[in-house]
Amino acid sequence: MSRASRRPSCAARVWIALCVTLALAVGVQCQADPLRGSPDERYLTGLRSRRLFSLAERYCLQRLADPALTPSNRATLTIELSRCFAEHATWRSGREQDELWQRAAAVVAETLSDELEPSRRAPLVLQAANVAAARGAWLRWTSELAPYDDALRQQAIAHLQASFEAQRQAETSITGLDRNAAQAAGSDLRLLSAEARFQTAVTSLDLARLLPTGIERTAALHEADTRLTELSRNPFFESRRTAARLLSATTARLRDDHHGAMQLLDALSSTDHPVAIRQQAAAESMRVELDRGKPDAALLQLAEVERSTGSLSEELLCVGVEARLAARRQSLQQGDTARAATLLEQAVAIETQIQGPWRARSTAVLEFSRSIDEHGAELAPLILAARAAQQHGDADAAITRYRESALAAQRSGRDELALDLQFSAASLLLQAGRHEDAARDFLAVADAPITTRSADAHLLFAYCRGKQWEARPT
């Protein structure tokens, strides 16, 4: 099995966690949350930023054990504890990760079971929805590292759809409270209402990234765009306005409104904005050019950003790797093998230098490119999808993908590879106890001109016939 077909390694999970925590800047992990103003909130945010999750969790649990704690502080610490568990989960895997996600949701649910006045209940309801959204965002990012893994993509979609509905209900509830609140008490609810709209928009955009072209994707983009456009002009949401504009540009790009996206991004690229914002805008501008099929224009943008700012962010370096690989594909199509080789060397060299949160994506992009070099643009996704389905234990899907891959390999004249893939399908049929179908596929491989699989195919064909005779002696 190739490296590209595996689930993320331990090191890759670390980089994914950084991506979710820093690059996405959304959900329960976001460090720029305008609702965090108390000493406890600032202290716990600092602990999480240093990945001192266990210390932060112990602090919250000790404080929550105090019976004299006021209802307001209890709600705040409950939300912070939930955030700790959720962010901690992005740094773990397997059963431990699942348990942390469950604890992030459970601590909020336990507090919500108490009698609370609506204004204190509202932030907890939103946090409950945000935990599910954070898990969906994690799955979405992981799915993007393995775009051929349909099972992972469907899991991410299911999480995001459920969390979007929960966030939308929380948003409606909080907006209603805000409208009914007295002027003196309404400012916090107004800010919370805006935060709810922002989080719902982010989840809708995450969902749109995964959905195939169609009505559902269009609706998800519309939901995100409606909220982001309003928030980018909201005077009560100053700390999120720039983030809303950046995400609006992404929404426009995903709608193929490249002109609208570039208008928003050009405004964010001016020297009036901090370097970090300008670089994020530049990265999104490069993605617009890549979507347009203009990797050389993206590389020109990259050079201009480096000249004007004197440095490149990890995100820009990663998009630079993607742009070089896209330019390489065009060079190969044009027969310019020398430039293609140079671009590949540059992409590999840059990928080894990236030390920030975008390392996982650049590595995945390079590995997928190598798979295309080995198997071709048509075959590579089919083979990787077959291996991913096999890894998930979905035998039927894996068999279908292996057979599709074998036919595609046969069409392209790669008979040896086609037989190898057909042998893989037959092996899965044998494991599933489908001896008649497995015998048919093994015989097809055995009857082909001599290959490295011939002897094994003959033996397994005979074995399948024996199992058939055991079941129906004649």
Side-chain angles (χ1 to χ4, degrees), residues 1-16 93-94 97 138-159 209-210 212 322 325 329 351 359-434 437-438 440-442 444-445 448 451-454 456-457 460 464:
M1 185 180 293
S2 70
R3 290 178 61 203
S5 67
R6 300 172 187 162
R7 296 296 296 272
S9 65
C10 180
R13 286 195 300 267
V14 170
W15 293 121
I16 296 170
S93 62
Q97 185 184 61
W138 164 268
L139 290 168
R140 191 270 296 174
W141 182 268
T142 309
S143 174
E144 288 183 352
L145 297 183
Y148 42 80
D149 190 337
D150 187 61
L152 184 58
R153 185 175 68 86
Q154 293 300 330
Q155 185 184 8
I157 288 173
H159 269 282
R209 294 176 196 264
L210 295 175
E322 296 181 43
L325 292 175
R329 288 193 294 273
E351 186 267 343
R359 179 67 178 269
R361 185 182 290 274
S362 59
T363 300
V365 168
L366 269 170
E367 289 182 341
F368 189 67
S369 178
R370 292 186 182 108
S371 183
I372 290 176
D373 288 344
E374 181 182 358
H375 300 301
E378 180 188 8
L379 263 175
L382 291 173
I383 293 173
L384 292 172
R387 290 171 176 166
Q390 183 178 359
Q391 187 175 26
H392 286 299
D394 189 348
D396 289 340
I399 291 164
T400 299
R401 295 289 183 271
Y402 275 124
R403 284 176 165 171
E404 290 173 351
S405 303
L407 289 172
Q410 194 174 38
R411 285 196 301 270
S412 62
R414 303 185 63 180
D415 294 335
E416 182 79 21
L417 177 60
L419 291 170
D420 190 57
L421 293 166
Q422 190 170 7
F423 185 91
S424 296
S427 298
L428 288 173
L429 288 166
L430 174 57
Q431 292 173 21
R434 296 167 58 182
D437 293 335
R440 189 183 306 113
D441 279 16
F442 281 129
V445 176
T451 72
T452 56
R453 293 290 195 182
S454 295
D456 289 340
L460 291 170
C464 288

Taking only residues two or more places apart in sequence or in another chain, which ones pass side-chain contact (heavy atoms from CB on, under 4.5 Å) with [X]?
X    : result
L210 : R140, S143, R153, A156, I157, L160
E378 : A408, R411
S424 : Y402
H375 : S371, L379, A380, I383, R414, L417

> Side chains of E416 and D420: closer than 4.5 Å at any heavy-atom pair?
Replying inline: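 No - every pair of side-chain heavy atoms lies 4.5 Å or more apart.
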Rounded to the nearest 0.5 Å, what's the gap from [atom1] on [X] to [atom2] on [Y]? Could you check?
X    : Y    : atom1 : atom2 : answer
I399 : D394 : CD1   : CG    : 9.0 Å
L428 : T400 : CG    : OG1   : 10.5 Å
L139 : H159 : CG    : NE2   : 5.5 Å
S454 : L419 : OG    : CG    : 7.5 Å
L421 : Q410 : CG    : CD    : 11.0 Å
L382 : R403 : CG    : CZ    : 15.0 Å

Mind checking what makes side-chain hydrogen bond (donor to acceptor under 3.5 Å, both in side chains) contact with [X], not counting sequence neighbours?
X    : result
R329 : none
E322 : none
D437 : R434, R440
E404 : none

Where [X] and [Y] come nearest, the two heavy atoms and their spacing:
X    : Y    : value
A406 : Q422 : CB-N, 4.0 Å
A426 : A438 : O-CB, 3.7 Å
A398 : A386 : CB-O, 3.7 Å

>> Check this for me: does any side-chain nitrogen of one of E351 and R359 sit under 4.0 Å from a carboxylate oxygen of the other?
In response: yes
> Which residues pass the ring pair (Phe, Tyr, Trp, His ring centres under 6.0 Å) test with F423, sequence neighbours left out?
Replying inline: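 So F423 forms a ring pair (Phe, Tyr, Trp, His ring centres under 6.0 Å) with F442.
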> Just by distance, do the side chain of S405 and the backbone of R401 share a donor-acceptor pair under 3.5 Å?
Replying inline: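 Yes, because the side chain of S405 sits within donor-acceptor range (under 3.5 Å) of the backbone of R401.
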> Is NZ or CZ of R209 both nearer than 6.0 Å to the six-membered ring centre of W141 and within 45° of the ring axis?
Replying inline: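 No cation-pi geometry.
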